[in-house]
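Contents: one structure, followed by commentary.
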Amino acid sequence: MKLRISVLVFLLAMFFAAITSAEDPLTQLKEDTLAYFKPLKGKVVSVSGDMISSDLGSTSGMRAGMRFTVLREGAPFLHPITKEPMGTIETAVGTAVVKEVTSDGSTLAVIKGTPKEGDVLRISEAKVRILFFQDKSVDWNLGERYYRLLKDSGRIDLIDTPLDRGDDSVVLAEAKQKDAQMTLLLRAEETDKEMILQQKLLWVDDASKMADSEVKVSNAYVQDLHFGERMLSPVGSAGDAMLFFDLPFSASLIASGDIKGDGKQELIITSGRHIRIYAPGTTLQNLYEIKGNASDDYLWIDTLDIDGDGKDEIIVTAMRNGGIVSSVYGLRDGEFVLLRESDLFLRRLNNSLVGQGYEKGEGFHGPVFKVTFENGVFKKGDPIKLPKGVNIYDFAPLEGLDGLQYILAYDETGHLNLYNKGGLKVWNSAEDLGGFQNAFKKDAPTMPTDTINRGVWSIKDRLLFRDKDKEVFVIKRVPLINMARGLGNKNSQIKTLLWTGLSMEERVVVEGISGSLLDYAVTGDRLIVLSKPLFGIKAKNILSGENPMGDMLYVYSLKGR
């Protein structure tokens, strides 16, 4: 065992040595960035109008785009006791930016002030306060590693921002509000073989540009980085939540979507027969409420811009009076209206809508098929090829690290199975994932020999595939007593699965979530988890005299995990 651990440590050490070498594109970008903030001191050789000549050249590390403080030396200051000279008093009289550089000199343009011959030019050793903006086009693991490299340099005081989209003016406004000197904007363009990482450095006070840089990062490098992060990332726990909310009601499902079409994600939570829409933040702001049918038992919820108006609609499927009803709600003139109802199971699959029929007493009926929404009417499209027995809420498409397409699907025993494009099972989980929240008995057979109708049908847990990481999020529930699962779950976890082409890598993202995890949503780099405490009672609330009923909402950061 010790030998195996030593080998693992050695391999990980070799891995990180490889990605921190001089050939590493992120290390190159870091060094290029830090070069602009190298502490330097020089002299103003001459002044002509608003241009300065300096004695600092490329051999000193001077480069175009650098910004210097211009200082004027004054009277010497003396030691208070010995009266020995200790230096001279320097007064800031302006700033200047480097325009041209030769080997032994440079030319600077005056930004402000009135420099004179003999003045001092300086870039101080003090840390530079920079707002780090990572556009959503940048792979999170890539951006996170670059962030760490800059932070670990000790030269830059990095400031985080929740922004992951917006033009330069939006980011600059955020940087100004957070008292940053500069902003670093990281964006990316992706091709089939590589990612082009583009960086822009802007000064906050006047929005002027210091430098543009870009590096090419191969897809293989990104995948290796994901593997290394996965091997060494700490496992999250319930205590790691950025935020948590003690909901005063019992909930069942959660989804996120841009309901208002303003580029921001809202949370949608089902509670009893109601659907509540919130604006997430440090508090939950209740925006809207949709009152459902009194007999609805919600089974599934999704969001999707069905009609192409830039706003996501809410799609909910419910059991109603022994039948299935899927309803589509949209925000119109500040109010939610029912756009359409159908007797189909509906769900979002990537950026399209799919459906499946229902048969009373049997559950899912017929193939899963594409659904279009035209002129307020659902239209049935082509069937989707799935392995036998896989229904609408059972599966998620998955792309392995080998570049091939697969289907990951639950079966009724709670196990996960991976099928290749030809429908052949290539992997299955060694244990079940803890059962499902909604299971229904099929009708009893009409004849003793009729075994087709026996068993149950169930609504499976949400499987979310993140294309950029090639991972699928999966819920795992741990029963209080394995032999008596009906008593409830003592805790739950969320993990990810990644298919390498030969084996399935499993990684726990969050563990130790008390009770039964009901549902979850992923929005940007946030994981939002809806959980019911053991026996549905919050024991701590009883002790504090607060309402013990209701569920919990946890918000976790996925950044760096």
Side-chain angles (χ1 to χ4, degrees), residues 253-259 268 270 275 298-309 311-320 323-330 338-360 362-399 405-412 416-423 436-438 440 457-467 472-475 519-522:
L253 300 167
I254 185 171
S256 65
D258 184 3
I259 303 302
I268 303 96
T270 61
I275 302 168
Y298 292 119
L299 305 178
W300 195 265
I301 186 170
D302 266 322
T303 62
L304 179 66
D305 183 8
I306 294 175
D307 54 10
D309 65 349
K311 296 184 290 187
D312 285 338
E313 280 71 47
I314 299 173
I315 309 150
V316 288
T317 299
M319 182 77 77
R320 182 185 297 174
I324 289 295
V325 177
S326 287
S327 306
V328 178
Y329 296 94
L338 179 62
L339 302 178
R340 181 67 179 172
E341 284 192 338
S342 171
D343 58 357
L344 298 171
F345 294 101
L346 291 178
R347 95 171 253 204
R348 174 179 181 164
L349 183 62
N350 298 324
N351 289 315
S352 60
L353 196 63
V354 296
Q356 190 174 14
Y358 169 73
E359 184 177 341
K360 188 173 182 179
E362 290 299 305
F364 305 107
H365 178 70
V368 179
F369 50 85
K370 296 179 181 179
V371 176
T372 59
F373 188 69
E374 300 176 16
N375 300 319
V377 177
F378 288 119
K379 292 188 177 181
K380 183 176 179 179
D382 296 332
I384 297 173
K385 186 178 179 181
L386 293 171
K388 185 178 180 180
V390 174
N391 293 300
I392 187 169
Y393 302 124
D394 299 353
F395 73 99
L398 181 151
E399 181 182 342
Q405 303 296 318
Y406 298 86
I407 291 291
L408 183 68
Y410 283 109
D411 58 29
E412 289 297 343
L416 277 169
N417 305 281
L418 187 70
Y419 301 89
N420 64 18
K421 194 172 182 179
F436 309 113
Q437 299 299 297
N438 287 304
F440 306 90
W457 66 276
S458 58
I459 307 296
K460 310 303 192 297
D461 290 324
R462 196 179 299 274
L463 296 170
L464 282 181
F465 174 64
R466 294 222 299 179
D467 182 62
V472 175
F473 288 88
V474 176
I475 294 174
D519 199 5
Y520 67 97
V522 175

What is the distance from atom [atom1] of [X] to atom [atom2] of [Y], rounded to the nearest 0.5 Å?
X      : Y      : atom1 : atom2 : result
Leu353 : Ser342 : CG    : OG    : 9.0 Å
Leu253 : Leu299 : CG    : CG    : 8.0 Å
Met319 : Ile459 : CE    : CD1   : 7.0 Å
Leu338 : Ile314 : CG    : CD1   : 11.5 Å
Phe378 : Phe373 : CZ    : CZ    : 5.0 Å
Lys460 : Leu416 : NZ    : CG    : 10.5 Å

Validation row: [X], [Y] side chains within 4.5 angstrom (heavy atoms):
X      : Y      : answer
Ile315 : Trp300 : no
Pro397 : Leu349 : yes
Val325 : Ser327 : yes
Leu346 : Val354 : no
Ile254 : Ile301 : no
Leu408 : Asn417 : no

[X] side chain to [Y] backbone, donor-acceptor under 3.5 Å:
X      : Y      : result
Asn391 : Asp394 : no
Arg348 : Asn350 : yes
Tyr406 : Ala396 : no
Arg347 : Ile392 : yes
Tyr520 : Phe473 : yes
Asp312 : Ile259 : no

More than 12 heavy atoms from other groups under 6.0 Å of NZ on Lys370:
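Result for NZ/Lys370: open.
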
Nearest heavy-atom neighbours spanning [X] and [Y]:
X      : Y      : value
Gln356 : His365 : CG-O, 3.7 Å
Leu344 : Ile324 : O-CG2, 3.7 Å
Asp309 : Glu313 : OD1-OE2, 3.7 Å
Ser256 : Thr303 : O-OG1, 2.7 Å
Asp461 : Tyr410 : O-CE1, 3.5 Å
Ile275 : Thr270 : CG1-CG2, 4.3 Å

Does the gap between the ring centers of Phe345 and Phe364 come in under 6.0 Å?
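Centroid distance Phe345-Phe364: below 6.0 Å, so yes.
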
With Lys380 as the cation and Phe369 as the aromatic partner, state whether NZ or CZ is under 6.0 Å from the six-membered ring centre and within 45° of the axis.
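Positive - Lys380 is close enough to the ring of Phe369 and near enough to its axis.
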
Do the numbers put Arg462 on top of the ring of Phe436, so that NZ or CZ is under 6.0 Å from the six-membered ring centre and no more than 45° off the axis?
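Output no; distance or angle outside limits.
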
Please test Leu386 against Ile407 for side-chain contact (heavy atoms from CB on, under 4.5 Å), starting from the C-alpha separation and ending with a verdict.
CA-CA 8 Å; Leu386 293 171; Ile407 291 291; 4.1 Å; yes

When you check the side-chain N and O atoms of Glu412 and Ser458, is any donor under 3.5 Å from an acceptor?
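Glu412 vs Ser458: donor-acceptor pair found between side chains.
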
Under a 4.0 Å N-O cut-off, is there an ion pair linking Arg320 with Glu341?
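Salt bridge flag = yes for Glu341 with Arg320.
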
